[in-house]
Amino acid sequence: MGSPHWKRLCLLLLAGLTSSLLLYGHYYATMESPTSQRIIANLLQPEPLVLDPPGTSHRAGSRSGTFEGSSGSVKSFKPSTELKEPKPTRKQPSPCLHSVMARAKADPKFGKMFRFDIPVLMWDQHFTPETWDRLKTRHVPYGWQGLPYTVVGSTLRQLNTSANRHLFDRETFPGGCVRCAVVGNGGILNGSRQGKAIDEHDLVFRINGAIIKGFEEDVGTKISFYGFTVNTMKNSLIAYGEYGFTQIPQGKDLRYIFIPSDFRDYVMLKSAIQGSPVPEGSDKGDKPQKYFGPEASAEKFKLLHPDFLQYLTARFLRSELLNTQYSSLYMPSTGALMLLTALHTCDQVSAYGFITSNYEQFSDHYYELEKKPLMFYANHDMMLEAELWRGLHRAGIMTLYQR
């Protein structure tokens, strides 16, 4: 016979397993299946999130409502219940005749969805008492609830150069359209021979496990922006190391786009600019230089504005999951956020390696030697994203690579 301690432990484990099964069951029932089955993977990789128990408090700087994965604790979040949109600020002009902006405004459906006056990036002058009072009531990534005032403020004060205000300098592309390629990691790119076409774009965005070596003919070599959360970056290094992703892209002209999904993103960003070890949190002692290189000045970093993330979710990717009691699971994927970022800043946008209607014909990632099915994670709505990409492609607002 076991001791009372072990009996209680067994009961707790059984209760936890039962709760997990109920959670998956509820999610499975609320989302439409893409075929006869919908694959719900475990929440550990590559972009894990976990529910906060009802009544959990969010103390500043605390790690409540987290679990330990292979890359450390991951804090959960919950969008605002109504996902109210931010007030507009200024327009982003484009001299391109057939730009995303022009085509979007001319489309009956998307003309009502796009707002090009929403600030895409956040920098030091955005940190005002009024902004703090407004955003401190929203959970990350849509706000700063639970984040210490000093951490947010000291991080944003580092973003004080003109390069932090805009994704790129339009004056470096005189008299023409800024053409951008956003490269996902979908298996559709394996054997695509799209490398040359990708590199011909003015700017190239890549995300997460962006493996280039050995796949240059299919995915190209050019990289202007690398987009990530600290969580997805570290999980990618763990999950895709066996395929050769042992270091995130580095380069003199490369810029990094932080998606502020957690406390750790703000802390890592500040440490990266200062060139010092991370002072606190689950990444304490980590050295940002090993990720971003020794010359990681403030000019190399961009931070997406929480208002922009709120707007994207409310207008483009408002999943049915937000209407359930498990809404805290949901967040648009890293790829979706980067593609929508490009659509709000570039003149012409092409998407490569994103989910298409015939995704089952391809492996999950282009660098996998054996075909693996596309994984649908419970914190994303990939079928909703696929529908959006098809709609934007049909409207001529962007070009979706298909085969």
Side-chain angles (χ1 to χ4, degrees), residues 45-49 60-63 66-77 121-124 126-127 135 139-161 163-164 206-210 225-239 241 245-251 254-306 309 331 334 337-338 341:
Q45 292 182 359
E47 299 183 46
L49 293 170
S62 73
R63 305 299 299 174
T66 64
F67 68 92
E68 286 289 340
S70 56
S71 61
S73 296
V74 181
K75 186 178 178 181
S76 68
F77 62 85
L121 301 178
M122 173 163 273
W123 48 290
D124 66 334
H126 284 147
F127 191 65
L135 295 184
H139 286 260
V140 287
Y142 311 107
W144 297 326
Q145 190 176 74
L147 301 182
Y149 178 92
T150 53
V151 168
V152 176
S154 61
T155 298
L156 292 181
R157 280 193 289 271
Q158 305 298 317
L159 301 173
N160 54 14
T161 73
N164 302 130
R206 299 184 191 268
I207 58 171
N208 296 340
F225 301 103
Y226 177 71
F228 62 98
T229 70
V230 172
N231 187 47
T232 63
M233 176 187 74
K234 289 198 169 186
N235 279 337
S236 294
L237 289 168
I238 294 170
F245 191 70
T246 57
Q247 180 177 294
I248 70 169
Q250 294 184 7
L254 174 62
R255 300 295 181 259
Y256 298 103
I257 303 177
F258 270 76
I259 302 172
S261 69
D262 199 359
F263 170 83
R264 65 196 304 203
D265 294 292
Y266 289 93
V267 177
M268 178 68 77
L269 175 55
K270 177 184 176 182
S271 295
I273 295 173
Q274 293 181 333
S276 59
V278 177
E280 58 183 319
S282 59
D283 302 302
K284 183 176 181 179
D286 205 357
K287 297 180 179 179
Q289 293 91 335
K290 70 181 181 182
Y291 304 114
F292 312 112
E295 300 177 357
S297 61
E299 289 81 3
K300 292 185 72 70
F301 298 99
K302 318 287 183 178
L303 178 68
L304 292 187
H305 200 302
L309 299 175
M331 179 180 174
T334 304
L337 294 176
M338 284 300 100
T341 296

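Numbers here simply count residues along the sequence, with the first being 1. Only a predicted model underlies this, so the values are computations on that prediction, with no experimental measurement involved.
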Check: Would you call P260 and L309 a side-chain contact if the rule is heavy atoms closer than 4.5 Å?
Finding: yes
Next item on the list: Identify the heavy atoms of G227 and T334 that sit nearest to each other, and give their distance.
Entry: O-CG2, 3.7 Å
Margin query: For a 4.5 angstrom cut-off between non-hydrogen side-chain atoms, does I257 reach L304?
Written below: yes
Margin query: Distance check, rounded to the nearest 0.5 Å: N164 atom CG versus T161 atom OG1?
Written below: 3.5 Å
Next item on the list: First locate atom CD of Q274, then atom CG of L269, and finally report the distance between them rounded to the nearest 0.5 Å.
Entry: 10.0 Å
Residues 286-294 side chain polar contacts: donor-acceptor under 3.5 Å, at least two apart:
residue : atom : partner : partner atom : Å
D286    : OD1  : K290    : NZ           : 3.0
D286    : OD1  : Y291    : OH           : 3.4
D286    : OD2  : K234    : NZ           : 2.5
D286    : OD2  : Y291    : OH           : 2.7
Q289    : NE2  : G275    : O            : 2.7

Notebook entry, point to check: At what distance, to the nearest 0.5 angstrom, does CG of L159 lie from CD of E299?
Noted result: 10.5 Å
Notebook entry, point to check: Distance from H126 atom NE2 to L121 atom CG, nearest 0.5 Å?
Noted result: 9.0 Å
Item checked: Minimal non-hydrogen separation, S236 against G209, with atom names -> OG-N, 3.6 Å
Note to self: Go through it in stages, so that I can follow the logic: the residues are L147 and V140, the test is side-chain contact (heavy atoms from CB on, under 4.5 Å), and I'd like the CA-CA distance, side-chain angles, deciding distance and then a yes or no.
What the structure shows: CA-CA 9 Å; L147 301 182; V140 287; 3.5 Å; yes
Note to self: Measuring only between side-chain heavy atoms, which start at C-beta, is I207 closer than 4.5 Å to L337?
What the structure shows: no
Item checked: Test side chain to side chain contact (heavy atoms under 4.5 Å, CB included) applied to S154 - qualifying residues, sequence neighbours left out -> R157, K270
Note to self: Would you say that F263 contacts P148 through its side chain, given a criterion of any heavy-atom pair below 4.5 Å between the two side chains?
What the structure shows: yes
Check: Under the 3.5 angstrom rule, does the side chain of T155 hit a backbone N or O of Y266 as a donor-acceptor pair?
Finding: yes
Margin query: Please give me the minimum heavy-atom distance between P277 and S271, naming the atom from each residue.
Written below: O-OG, 3.6 Å
Margin query: Please give me the minimum heavy-atom distance between A272 and F301, naming the atom from each residue.
Written below: CB-CZ, 3.6 Å
Margin query: Tell me the closest heavy-atom pair linking T246 and G241, and the distance in Å.
Written below: CG2-O, 4.1 Å
Check: Are P249 and R206 close enough that some pair of their side-chain heavy atoms sits under 4.5 Å apart?
Finding: no
Notebook entry, point to check: When rounded to the nearest 0.5 angstrom, what distance separates CZ in F258 from CZ in F228?
Noted result: 3.5 Å
Notebook entry, point to check: CG of N208 to CG of N231: how many Å apart, nearest 0.5 Å?
Noted result: 9.5 Å
Notebook entry, point to check: Between I248 and Y256, is any pair of side-chain heavy atoms under 4.5 Å apart?
Noted result: yes
Next item on the list: State, to 0.1 Å, how close L254 and K300 come at their nearest heavy-atom pair, and which atoms those are.
Entry: O-NZ, 2.8 Å
Note to self: With heavy-atom distances below 4.5 Å as the criterion, would you say the side chains of I259 and M331 are in contact?
What the structure shows: yes
Notebook entry, point to check: Do V230 and D262 have side-chain heavy atoms sitting under 4.5 Å apart?
Noted result: no
Next item on the list: If the plane angle is over 60° it's perpendicular, under 30° parallel, otherwise tilted; pick one for Y149 and F127.
Entry: tilted
